[in-house]
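Presented below is the structure to which this report refers.
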Amino acid sequence: MKVLKFGGSSVGSAEAITKVLAIVTESIKNEPTIVVVSAMSGVTDQLLLLAQSASQGNEAYKTIIQNIEQKHLDTVRALLPIQQQSATLSLVKQIINEIEDNCEGLFMLKELSMRMQDKIISYGELLSSKIISAAFAAKGINQKWIDSREVIKTNSNYFNAVVDKELTYKTIQAYFSAPENNKFDLYMAPGFVSSDAEGNTTTLGRGGSDYTGAIYAAALKATALEIWTDVSGMMTADPRMVQNAKEIPQISYQEAMELSHFGAKVIYPPTLQPVMQQNIPVWIKNTFEPTQDRKST
Ligand code: ADP
Ligand code: ASP
Ligand code: MG
């Protein structure tokens with residue numbers, strides 16, 4: 001098993017998702033693959049703003065929902081063959097209706113709990129993973145969508161939940177050894193989302209989809225974790241800030257951990273510990289220039 005995680009920019013448009021489909025189609029020729037995806041770029045921020053606006057009694061929340069809906073419906077229309085769009089369009093509308101119902105409640109209550117905020121921000125990954133799963137199904141790939149909330153178990157520290165690794169690894173292992181689940185070439189999983197002991201949705205911290213990938217990889221002793229993003233590796237500094245930032249061809253887990261703690265956003269700090277424990281190689285790859293490989297461990 002291999003784990004490929006695609007970040008927000010890699011799934012940010014139908015065009016980018018088409019690149020993801022090509023990369024994953026290559027991977028599954030070699031071994032079964034878990035694909036973990038972030039929300040489409042900007043959507044988690046929009047959902048946060050949405051929850052805050054609705055709970056502050058600001059009618060503008062309705063426009064935010066419309067924008068989120070439009071972005072996802074446009075993506076489905078551009079991505080799927082026309083005859084296969086209707087089920088996914090309905091699914092997107094159904095999820096948007098749920099978001100709307102939650103926001104109407106917030107608008108009336110004028111109060112936003114951290115639990116409710118996590119529920120609302122989790123919809124970004126649910127939407128992107130469902131749409132991409134439908135795109136793989138339309139290509140005839142033998143794939144299954146996994147609900148990461150059911151297998152990744154955390155405490156109730158909403159927005160920055162702490163993973164119960166022992167329980168989570170057991171749950172993931174049990175899931176993948178069940179005969180009804182272990183026969184697929186591809187598993188599509190939302191990143192970032194998890195749940196607590198009561199079954200409430202929790203989230204793993206901003207940037208947490210990298211961590212979701214690492215958790216699946218460590219639980220299943222995957223052959224590799226690939227973080228697909230918009231840069232070709234870890235660099236000496238943030239390329240958006242420092243013009244002459246250099247790519248680091250290879251780096252130890254320890255050094256990568258230090259860099260990420262000091263702000264290298266390309267990898268979310270908690271990601272490295274689970275993969276280091278199992279000695280799983282981590283690669284940082286560029287979705288938009290897929291031939292360049294850079295290894296981070
Ligand atoms: P994704 O949505 O794929 O998770 P992120 O925006 O979270 O992507 O992370 C990728 C970004 O991290 C890059 O576009 C880059 O600007 C930034 N970044 C910051 N520090 C570094 C670094 N040291 N090396 C590489 N990228 C970095
Ligand atoms: N969508 C979440 C965020 O924007 C998680 C992630 O992208 O890794 O923080
Ligand atoms: Mg990230």
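Atoms within a ligand are numbered from 1 in the order they appear, just like the ligands themselves. For the single chain, residues carry numbers from 1 onward in sequence order.
A salt bridge is defined here as a Lys NZ or Arg NE, NH1 or NH2 lying under 4.0 Å from an Asp or Glu carboxylate O, and D118 with R149 fails to meet this definition. A salt bridge links K2 to E226: one of the charged nitrogens lies within less than 4.0 Å of a carboxylate oxygen. With respect to the salt-bridge test (charged N to carboxylate O, under 4.0 angstrom), the residues D45 and R206 qualify. Between D164 and K153 there is no salt bridge, since no side-chain nitrogen of the basic residue lies less than 4.0 Å from a carboxylate oxygen of the acidic one.
Below 3.5 Å of separation, one finds no N or O of S38 facing any N or O of ligand 1. For ligand 1, the polar-atom distance check finds no N/O of P239 at less than 3.5 Å from any of the ligand's N/O atoms. Residue contacts with ligand 2: S209 is placed with a nitrogen or oxygen under 3.5 Å of a nitrogen or oxygen of the ligand (distance criterion only).
Contacts between M234 and ligand 1, counted as non-hydrogen atom pairs separated by less than 4.0 Å, involve the backbone only. Within the 4.0 Å heavy-atom criterion, both parts of T229, backbone and side chain, lie near ligand 1.
Atom numbering of ligand 1 starts at 1 in the shown order; those under 4.0 Å from a heavy atom of D238 are 15 (C), 16 (O), 17 (C), 18 (N), 19 (C), 20 (N), 21 (C). Atom numbering of ligand 1 starts at 1 in the shown order; those under 4.0 Å from a heavy atom of G7 are 1 (P), 2 (O), 3 (O), 4 (O).
Checking each of T229, T287, N286, D230 against S10 for a side-chain hydrogen bond (donor to acceptor under 3.5 Å, both in side chains) leaves exactly one that passes, namely T287.
Atom 2 (O) of ligand 1 has G8 N, 3.0 Å as its closest protein atom, hydrogens excluded (heavy atom only). Annotation: atom 4 (O) of ligand 2 to nearest protein heavy atom, R206 NH2, 3.0 Å. Distance from atom 7 (O) of ligand 2 to its nearest protein heavy atom, with residue and atom name: S38 OG, 2.9 Å. Among all protein heavy atoms, the one lying closest to atom 6 (O) of ligand 1 is K265 NZ, 3.0 Å. The protein non-hydrogen atom at the shortest distance from atom 25 (C) of ligand 1 is G233 O, 3.5 Å. Looking only at heavy atoms of the protein, atom 24 (N) of ligand 1 is closest to M235 N, 2.8 Å. When only non-hydrogen protein atoms are considered, atom 12 (O) of ligand 1 lies nearest to V266 N, 3.4 Å. Counting only heavy atoms of the protein, atom 5 (C) of ligand 2 lies nearest to E125 OE2, 3.5 Å.
Heavy-atom proximity to atom 11 (C) of ligand 1, evaluated over T44, D230, L259, is greatest for D230.
Assignment of G208 to the shell around ligand 2 is supported, since a heavy atom sits closer than 4.0 Å. Heavy-atom distances between K5 and ligand 1 reach below 4.0 Å in at least one pair. Heavy atoms of A237 approach ligand 1 to within less than 4.0 angstrom. Using a 4.0 angstrom heavy-atom cutoff, G207 does not count as in contact with ligand 1. Look at S41 and you'll find every heavy atom at least 4.0 Å from all atoms of ligand 1. Under a 4.0 angstrom heavy-atom cut-off, G207 registers as being in contact with ligand 2.
Residues N181 and K144 have side chains that bring a donor and an acceptor to within less than 3.5 angstrom of each other. Residues E31 and T223 bring a donor and an acceptor atom of their side chains to less than 3.5 Å of each other. Side-chain atoms of N58 and S53 form no donor-acceptor pair, as typed in the model, at a separation below 3.5 Å. Between S252 and E255, the side chains place a donor N or O and an acceptor N or O closer than 3.5 Å (distance only, hydrogens not considered). Remark: the T202 side chain and the S194 side chain contain an N/O donor-acceptor pair separated by less than 3.5 Å. Using modelled atom types and a 3.5 Å distance limit, the side chains of N102 and Y123 yield a donor-acceptor pair. Side-chain polar atoms of Y61 and S55 form no donor-acceptor pair below 3.5 angstrom.
Within 6.0 Å of CE in M114 there are more than 12 heavy atoms belonging to other residues, nucleotides or ligands.
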